[in-house]
Amino acid sequence: MTIVVTLSPELEEQLREKAARQGQDINLVVTELLASILKEEAQDFVEAVKGIQQGLDDFSTGEFRSFDEYADEQRQKYNLPA
């Protein structure tokens, strides 16, 4: 399949430099980068759905806390002001 994408000169140069450093054809480099990004996005989606389902399951069994409790925990965890 052929797809035509217009790149900025800067991005094209970055891709060409990456391909040269790796000793690979630029088409292969672009294909691998796109495949990697799509795989990461799919994994992020699956993890998000799992998290949402876990939250729904916890809520249905009464295992939850208020937003204020969660916010306080995050503030403490990341040393944020109240």
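Below, all heavy atoms of this structure are taken into account, side chains as well, without hydrogens, waters or symmetry copies. Computed from a predicted model, the values in this text were never measured in an experiment. The chain is numbered in sequence order, starting from 1.
For the atom pair OH of Y70 and NZ of K77, the computed distance is 7.5 Å after rounding to the nearest 0.5 Å. How far CG of N79 is from CD of Q74: 12.0 Å, rounded to the nearest 0.5 Å. Between the CD atom in E40 and the CD atom in E47 there is a gap of 12.5 Å [rounded to 0.5 Å]. Distance check, rounded to the nearest 0.5 Å: CG of D44 to CD1 of I37 gives 11.5 Å. From Q22, atom CD reaches atom CG of L28 across 8.0 Å, with rounding to the nearest 0.5 Å.
Cluster partners of I52 are L56, counting Ile, Leu, Val, Met, Phe, Trp and Tyr whose side-chain heavy atoms approach within less than 4.5 Å, directly or via other members.
Looking at S36, its side chain never comes within 3.5 Å of a backbone N or O of E32 through a donor-acceptor pair.
Annotation: side-chain hydrogen bond (donor to acceptor under 3.5 Å, both in side chains) contacts of E73 (sequence neighbours excluded): R65.
You'll find the side chain of L33 reaches within 4.5 Å of the side chain of L15, heavy atoms only. Looking at heavy atoms from C-beta onward, D72 lies in side-chain contact with R75 at the 4.5 angstrom threshold. Within the 4.5 Å cutoff, the side chain of Q43 has heavy atoms near those of the K39 side chain.
When hydrophobic clusters are built by joining Ile, Leu, Val, Met, Phe, Trp and Tyr residues whose side-chain heavy atoms come closer than 4.5 Å, directly or via intermediates, V29 is grouped together with I3. The hydrophobic cluster containing M1 does not contain L38, counting ILVMFWY residues as joined when their side-chain heavy atoms lie under 4.5 angstrom apart, directly or transitively.
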Could you list the donor-acceptor pairs under 3.5 angstrom formed between side-chain atoms of residues 6-14 and any protein atom two or more places apart in sequence or on another chain?
{"residue": "S8", "atom": "OG", "partner": "E10", "partner atom": "OE1", "Å": "3.4"}
{"residue": "S8", "atom": "OG", "partner": "L11", "partner atom": "N", "Å": "3.1"}
{"residue": "E12", "atom": "OE2", "partner": "R16", "partner atom": "NE", "Å": "3.0"}
{"residue": "E12", "atom": "OE2", "partner": "R16", "partner atom": "NH2", "Å": "3.0"}

